[in-house]
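Nothing fancy with the numbering, it's 1 onward along the sequence. Side-chain atoms are counted along with the backbone in the values below, which use heavy atoms only and exclude waters and symmetry mates.
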Amino acid sequence: MLDVLARNYDIVTAGGGTVCGRSARIVLALRDDGTTAARFWLDDATRLVLRREIMDAHGRVSRDDAFTDVAIPHPHLPAATARSGVLATPAGPAAEVPDAATLDTLRRHGWRFAETLPGRFELFTAGEMEGDRTTGPYVYLGYSDGLSVVSVFIQPGHLDEEHLTGWHAHVRAGHTIWTRDSSGQAQGQEAIWASGGQVYTVLADAPAEVVDAAIAAFPHEREPGLWARMALGAARLLAWVNPFGE
């Protein structure tokens, strides 16, 4: 993700500050038009990211993550040692960018997806999972612009909209998308919809306009037009009048 960050943004220093009483260097990620996309506070002693702010296209803070307490027993250790041994333990090996053969295999198995999303989001990880008897096989896709991550899960099936408890229907880019009520939850956005016999689920920590653009980049079934809806309504009305179809 650092490589993606360097490709997509200009990285500049912008003075100093403090987080949790620790001296920090402020670093900005700037868009091509000079506006600030993100602001980082890097600990002077260890170079740990103590705080991060992500800004939307209007300059508003869409995500703010920060440590509330930091304890580093050996401040003079190399940054890598302090980072992995004190504040964070890696969850596993770093994700590798999927090669062309991997992507071709996924597409041959019927998965439909793009390798890039609007906003310079690049596909940095992809894989097909077996799932279980309930979910069945599914594919996981991870996209990033270096600042935010958009995770996409695709599995075969149809969306049972009547049982989407806690989800609400919205029209985005002309398509009906279901989003989860984020009240009381951590910052982030969740969306789900169905198209072509597959269900798409998006989890993102990106600004709203970025998530909308990412959702629009995936397949969607065409919404029925006025005449189609009227014909469907007429057919239902006739069925109610004469349920036996005679």
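Cluster membership for Val49 and Val27, using ILVMFWY side-chain heavy atoms within less than 4.5 angstrom, is shared. One hydrophobic cluster, built from ILVMFWY side chains closer than 4.5 Å, cannot hold both Leu2 and Phe124; they sit in different ones. Grouping the Ile, Leu, Val, Met, Phe, Trp and Tyr side chains by contacts below 4.5 angstrom, directly or via other members, places Phe67 with Ile26. Under a hydrophobic-cluster definition in which Ile, Leu, Val, Met, Phe, Trp and Tyr are linked whenever side-chain heavy atoms come within less than 4.5 Å, directly or via other members, Val199 and Trp178 are assigned to the same cluster.
A pairwise comparison of heavy atoms in Leu147 and Ala29 identifies CD2-CB, 4.2 Å as the closest pair. Between Ala66 and Arg51 the shortest heavy-atom distance is CB-CG, 3.6 Å. Shown here for Asp160 and His163, the closest heavy-atom pair between the two residues is OD2-ND1, 2.7 Å.
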Practice task
Test salt bridge (charged side-chain N to carboxylate O under 4.0 Å, His left out) on Arg120 and Asp32 and set out the steps.
Solution key: CA-CA 12 Å; Arg120 299 179 178 179; Asp32 291 340; 2.2 Å; yes
Practice task
Test side chain to side chain contact (heavy atoms under 4.5 Å, CB included) on Gln198 and Arg112 and set out the steps.
Solution key: CA-CA 9 Å; Gln198 295 180 334; Arg112 297 179 294 165; 3.9 Å; yes
Practice task
Go through the steps to decide whether Ile192 and Leu159 satisfy the test side chain to side chain contact (heavy atoms under 4.5 Å, CB included), and finish with yes or no.
Solution key: CA-CA 9 Å; Ile192 187 171; Leu159 193 61; 3.6 Å; yes
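Taken to the nearest 0.5 Å, the CD atom of Glu128 stands 11.0 Å off from the OG1 atom of Thr102. The distance from the CG atom of Leu42 to the OG1 atom of Thr13 is 10.0 Å, given to the nearest 0.5 Å. The line from CZ of Arg108 to OG1 of Thr105 is 4.0 Å long, rounded to the nearest 0.5 Å. The line from NE2 of His168 to NE2 of His170 is 6.5 Å long, rounded to the nearest 0.5 Å. To the nearest 0.5 Å, atoms CZ (Arg31) and CG (Asp145) are separated by 9.0 Å. In this structure, NE2 on His109 lies 11.0 Å from CG on Asp104, to the nearest 0.5 angstrom.
Panel note: side chain Asp205, backbone Ser148; no donor-acceptor pair is recorded below 3.5 Å. Side-chain N or O atoms of Arg180 include none that pairs as donor or acceptor with a backbone N or O of Glu190 at under 3.5 Å. With hydrogens and angles disregarded, no donor-acceptor distance shorter than 3.5 Å links the side chain of Thr36 to the backbone of Ala38. With Asp65 contributing its side chain and Arg52 its backbone, the two residues share no donor-acceptor pair below 3.5 Å.
Counting non-hydrogen atoms of neighbouring residues, nucleotides and ligands closer than 6.0 angstrom, the CZ atom of Arg25 reaches no more than 12 such neighbours.
Between Glu122 and Arg7 there is a side-chain heavy-atom pair separated by less than 4.5 Å.
In the hydrophobic clustering (ILVMFWY side chains linked at under 4.5 Å, chained through shared members), Ile154 is joined by Leu103, Leu106, Trp111, Phe113, Leu117, Phe121, Leu123, Val139, Leu141, Tyr143, Val150, Val152, Ile177, Trp193, Tyr200, Val202, Val210, Val211, Ile215, Phe218.
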